[in-house]
Amino acid sequence: MPRSSRISNAELHHENDPLLLVLMGLAEGPKHGHALIGDIEQFAGVRLGPGTLYGAITRLEHEGFVEPLEPEERRRPYRITDTGVTALLGLLESMEDIVKIGRVRLQQCDLRSRLELEAG
Amino acid sequence: MKKRLWKRWYPRSWRNRYGEEYEQLLEDLAADNQMTWRSEVNVAQTGLALRRVYPGRRIALGIGTAAIVAVVAFAVGFGIRGTSAPHASFAIQRCTRVAPAQTSTPAAAQAKAKAFAAAAKAAGQVAKQLPKGSAAVHISVSTACPGGAFRIVGPVTFFLPGRIITPRGVLAPGALSTPAGVHVQQAA
């Protein structure tokens, strides 16, 4: 087990953070490494390197956010745990709050209409 | 990346847990022609990063460093002593009489002293013949002289300039030529 690797909220808040992407990938259902890389590329447009992926899986498993399932031949699928689901929900909600604040501020500054005018 | 080459970068404890599935992933990516040079760099980078956080590797590094320091200190010690030629030294740790001798007369006492000196000399001769790598081996030398029979036990230190000596020397039976009447064996 790693010596110390507490996952901070700040790390997960980054939309391209591998930890967050892996959690989101597993939210759909259990997947093994190769399937995860493809899925993340599809929904986020980010292609994780194999080392990055397994570095993230290692940390998430250590934190109890994901758990391994029985291997299918040599491919081991992972599943998001209840703890992982709770953490992901909280993070997505906080990200939604940030998105809402951003929209409100854009309306306040009337930047949106200005951009629309420029685009038109 | 060639099969199994990646393992060099990763700590053993991590490989024991994730090695099989990780290797399968690399094989899957290679089969799909998705292992670019970027992927290979990514694999190496992650391995190095994991080495920093996995404890087994840190302990091994600590032990390795301590061993290197000890070997260097040992080698430097040789240099400070200025040893110029191979030689062996024999320190008498214990001398026991294994057969009674006449000590009631001055002549008998003198004979005993001569016998002791002969035994010590024999021990020194034996020590010089010890094979390389015989540092700190305890030997037992038995000899019988007119003044009595003695068994001398002590550590043998074998010095070789510029060589690192490991304390693993073993006396093979018949490997040494001993003076007449002298028997050598490795002490317990």
Side-chain angles (χ1 to χ4, degrees), chain A residues 1-8 11 14 16-22 25-26 30-42 44-81, chain B residues 1-70:
Chain A
M1 278 288 148
R3 274 156 50 90
S4 63
S5 60
R6 301 300 300 181
I7 299 172
S8 66
E11 283 182 83
H14 197 288
N16 285 341
D17 187 273
L19 302 168
L20 178 61
L21 293 176
V22 170
L26 294 178
K31 291 184 186 70
H32 56 70
H34 196 212
L36 261 175
I37 288 177
D39 183 50
I40 289 169
E41 187 172 22
Q42 201 171 20
V46 176
R47 182 163 189 82
L48 294 185
T52 304
L53 174 71
Y54 261 83
I57 287 176
T58 302
R59 291 189 70 186
L60 290 170
E61 188 188 352
H62 180 60
E63 295 294 330
F65 288 179
V66 303
E67 63 186 3
L69 300 176
E70 282 301 307
E72 299 159 0
E73 294 182 359
R74 294 171 75 206
R75 296 178 186 85
R76 186 187 291 277
Y78 287 86
R79 171 171 64 194
I80 191 167
T81 62
Chain B
M1 184 169 287
K2 288 195 173 75
K3 195 177 177 183
R4 300 191 185 281
L5 190 63
W6 65 271
K7 290 184 176 177
R8 295 181 185 181
W9 301 102
Y10 287 73
R12 185 186 297 272
S13 54
W14 190 91
R15 292 197 317 256
N16 290 341
R17 165 63 185 84
Y18 297 97
E20 281 285 309
E21 56 194 275
Y22 191 54
E23 191 162 78
Q24 182 62 51
L25 171 63
L26 298 181
E27 286 175 15
D28 287 345
L29 291 172
D32 292 349
N33 290 322
Q34 292 175 344
M35 277 301 286
T36 61
W37 66 269
R38 282 178 192 273
S39 305
E40 293 182 7
V41 170
N42 180 261
V43 167
Q45 278 179 332
T46 306
L48 292 175
L50 286 168
R51 279 181 184 275
R52 289 204 303 271
V53 296
Y54 266 73
R57 177 65 184 172
R58 294 176 81 90
I59 292 168
L61 277 176
I63 293 170
T65 305
I68 290 170
V69 168

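- We find the CG-CD1 distance between B/Leu25 and A/Ile37 to be 4.5 Å, quoted to the nearest 0.5 Å.
- With sequence neighbours excluded, no residue satisfies salt bridge (charged side-chain N to carboxylate O under 4.0 Å, His left out) with B/Arg12.
- For A/Pro50, the parts sitting under 4.5 Å from any heavy atom of chain B are the backbone and the side chain alike.
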message: Between B/Gln24 and A/His32, does the side chain to side chain contact (heavy atoms under 4.5 Å, CB included) criterion hold? Intermediate values first, please.
response: CA-CA 10 Å; B/Gln24 182 62 51; A/His32 56 70; over 6 Å; no
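- In the model, B/Asp32 has a side-chain atom that pairs as donor or acceptor with a side-chain atom of A/His34 under 3.5 Å.
- Only the side chain of B/Arg17 comes within contact range of chain A, with at least one heavy atom under 4.5 Å from a heavy atom of that chain.
- In terms of heavy-atom pairs under 4.5 angstrom with chain B, the leader among A/Gly51, A/Pro68, A/Pro71 is A/Gly51.
- Pairs engaging residues 20-39 of chain B under the ring pair (Phe, Tyr, Trp, His ring centres under 6.0 Å) rule: A/Tyr54-B/Tyr22, B/Trp6-B/Tyr22, B/Tyr10-B/Tyr22, B/Trp14-B/Tyr22 [sequence neighbours left out].
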